[in-house]
Structure formats: C-alpha cells, structure tokens
Amino acid sequence: MLAENSILYRLPPGLGSERSVLLDCIRHAAETAWLSYKRLDKDLTWLADSDDGDLSRREAINSAYLHAWGLVDAIHRYGLLHTQLMKSAAKARTPGVPTFSELSAKVVLIRNVNDHLNKTLQNVAAHGNSAMGTLSWITLHKSSDDFYMCLIALGTAKKSKWQFANPSGKDVVFGPSRRTADIHLAMGEHRANLSMIIPEMMNRIERLEQDLEEMVRKNGIEGQQAGSDFFFKLLATASTPENS
C-alpha cells in the first residue's frame, strides 16, 4: 500500500509531536490493513484450491478469520485517525464524495457486534451467523474462465440462510493473488465487502503522501527527516555459577 520510499517513512522534523504521532498511527493502520489483506487473500485462494479432506484446511480457515478480523480492526482504526487528520487540517468535505467513515460504516458495524459479543450474542444467533461471522468470496479457477463461489461458516452446523458472494453485474476488486475477490464478512444482521475498502484507503494514503511531499517542497526541507522505526538487538551472556 505504501511505496518503499513513502514520505510517511521519512517525516521531516519540526512537525510537532502530536502531528507526527498521528501520521505514524495512520501509516501503521494502513500497513496493518494491507498485511492482513494480503494474508487473507492468500488463505482464501489456498482454500479455494484445496482438495476435500485436506487436513490443513482447519488451520487455513482459522488463519483466514484471524486476518479478516485483523483487517476489520485496522480499517476501523484508520477511519478514526483519518477523520482526526481531516479535522486537524481543517479540510472541507468534497461535495458528492463519500467520506471514508461513510464507506467503512458496515465494517464498523460488524466490528462492534464482534467486539461486544457478551451483549450481541442473541442477535448473532437470531440471524443465523456462525460464532466468528461468515466469510464469503470468489476465486478464479487456475486454468479456466470458471470461478469458485466460496463460503465459510465457522462453528456448529445449524439451520441458516447464508449469502454467497456474487460478482454478477458489478465491479469486483481482486487482491494481491489476482485471483480472489469480493471478500465479504457477515456478523449479526450486518455484512461488509472488505475488498472494496482497500482501494479507498490506498487512494487516501496516496493523496496524503502527495500533500506531505508538497508541504516539504514549499518549506524547502527536502532531504531532511527524523529517524523512525528503530530496532535494537543486544547479545547478553548468561551468568552461571561457574563463570560468575
């Protein structure tokens, strides 16, 4: 999602601690979302290609849910931070263009259901969703023009009306595998298209990078940057009675 030389990796000094932290948090939310999306795409593509009876399916399914809910959390976090950035920059809303908060509203709804299961369990059960929600998606066949319509309902089998992802008559967004698309997650009465949120986030990150680059040019501080993303590693020798 971010270019290797993104300005978000090389923020200039003098932005102020609060603004620097906000931009760092936005960058981290975007990176986390992209990492979760890549891993989810990989898991779902593998599942679509897997053979019946493959014992690795259970692990892949659990991995897919881990990354799906990780993506949901990252989208929610990014939305809050993006709203804060727009307020701090005093940027007016573009008429007729939905805000990121509006675009991701369904994602936030399923997150709220999942995060408060102690209060929403009855609602989830009433709508026939499984314990961790229902994942549905499409994956193109490896060697033909056909595609798989896939669905996972994690948990105990019960009478339910599950909805498959259906790409008919609409644009779909393919993930990094270029084969899997239209990833939906449903929880309670809510259902969100996770695939459609990623391009919206990418567009906003790109505009933020452009705005920051322009600010750097106007202030004549090209080439200046504060340090970031430190990793320290120290080798220590254990003390034993023999060498103490």
Side-chain angles (χ1 to χ4, degrees), residues 1 29-30 32-41 43-44 47-48 60-84 86 93 97-139 148-175 180-204:
M1 183 175 291
T32 303
W34 183 244
L35 180 61
S36 297
Y37 183 53
K38 284 196 301 182
R39 291 180 175 177
L40 175 61
D41 176 88
D43 288 335
L44 298 183
L47 283 165
I61 286 172
N62 283 320
S63 179
Y65 273 90
L66 173 68
H67 297 129
W69 285 112
L71 176 56
V72 166
D73 283 340
I75 290 170
H76 175 250
R77 190 181 316 116
Y78 175 84
L80 294 175
L81 295 166
H82 182 267
T83 299
Q84 179 62 30
M86 294 298 100
R93 174 176 177 171
V97 178
T99 65
F100 188 84
S101 294
E102 291 170 341
L103 292 168
S104 60
K106 291 183 178 179
V107 175
V108 176
L109 287 173
I110 61 172
R111 175 196 173 272
N112 291 342
V113 172
N114 186 59
D115 275 15
H116 303 286
L117 274 174
N118 60 319
K119 297 178 181 178
T120 61
L121 198 58
Q122 186 176 5
N123 175 274
V124 172
H127 285 84
N129 286 141
S130 60
M132 292 302 294
T134 304
L135 267 172
S136 57
W137 73 98
I138 65 166
T139 295
Y148 301 105
M149 296 172 64
C150 305
L151 183 144
I152 308 171
L154 195 65
T156 305
K158 54 188 173 295
K159 187 177 180 180
S160 301
K161 292 182 179 180
W162 295 321
Q163 184 177 348
F164 279 83
N166 186 351
S168 178
K170 64 181 180 181
D171 294 331
V172 296
V173 177
F174 283 92
T180 289
D182 219 23
I183 303 170
H184 287 74
L185 181 60
M187 193 75 177
E189 72 259 50
H190 307 297
R191 187 168 181 263
N193 186 334
L194 302 182
S195 298
M196 295 301 292
I197 301 296
I198 296 299
E200 297 292 342
M201 188 183 294
M202 293 176 73
N203 289 339
R204 285 160 175 78

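Given the structure is predicted, the values throughout are model-derived calculations rather than measurements. In what follows, every heavy atom counts, from backbone to side chain, and hydrogens, waters and symmetry copies are set aside.
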Taken in chain and number order and not counting sequence neighbours, the residues that satisfy ring pair (Phe, Tyr, Trp, His ring centres under 6.0 Å) with F164 are none
Scanning both residues in full, the closest heavy-atom pair of K106 with R191 reads CD-O, 3.4 Å
So CG of L71 and CD1 of I197: to nearest 0.5 Å the spacing works out to 9.0 Å
Tightest non-hydrogen contact, residues A64 and L44, listed as CB-CD2, 3.9 Å
* To do: Evaluate whether atom CE of M196 has more than 12 neighbouring non-hydrogen atoms of other residues, nucleotides or ligands under 6.0 angstrom away.
  => no
Hits for ring pair (Phe, Tyr, Trp, His ring centres under 6.0 Å) against W34, two or more places apart or cross-chain, chain-then-number order -> Y37
What side-chain donor-acceptor pairs closer than 3.5 Å can you find for residues 72-83, not counting sequence neighbours?
from	atom 1	to	atom 2	distance (Å)
H76	ND1	R111	NE	3.2
T83	OG1	G79	O	2.9
T83	OG1	S101	OG	3.1

L47 and A60 have their tightest heavy-atom pair at CD2-CB, 3.8 Å
Separation between CG (L35) and CG (L40), nearest 0.5 Å, reads 11.0 Å
Output for pair (L109 CG, E189 CD), nearest 0.5 Å, gives 8.0 Å
The reported gap from CG in N193 to CG in L103 (rounded to nearest 0.5 angstrom) is 11.5 Å
Closest heavy-atom pair, S63 versus D43, reported as atoms and distance to 0.1 Å, is OG-OD2, 2.7 Å
For M132 and W69, the nearest pair of non-hydrogen atoms, with its separation, is O-NE1, 3.0 Å
To the nearest 0.5 Å, atom CE of M1 lies from atom CG of N203 at 9.5 Å
Quiz item: Is the backbone N or O of V107 less than 3.5 Å from a side-chain atom of S104, with the two atoms forming a donor-acceptor pair by type?
Solution: no
Notebook entry, point to check: After noting the C-alpha distance and the side-chain angles of L154 and N62, does the key distance pass the side-chain contact (heavy atoms from CB on, under 4.5 Å) rule?
Noted result: CA-CA 9 Å; L154 195 65; N62 283 320; 4.2 Å; yes
Distance col, row I110:CD1 vs D115:CG, nearest 0.5 angstrom, shows 10.5 Å
Heavy-atom closest pair (G175 atom, D41 atom, distance to 0.1 Å) is CA-OD1, 3.4 Å
- Query: Is it true that a side-chain atom of W137 and a backbone atom of S195 form a donor plus acceptor pair closer than 3.5 Å?
  - Reply: no
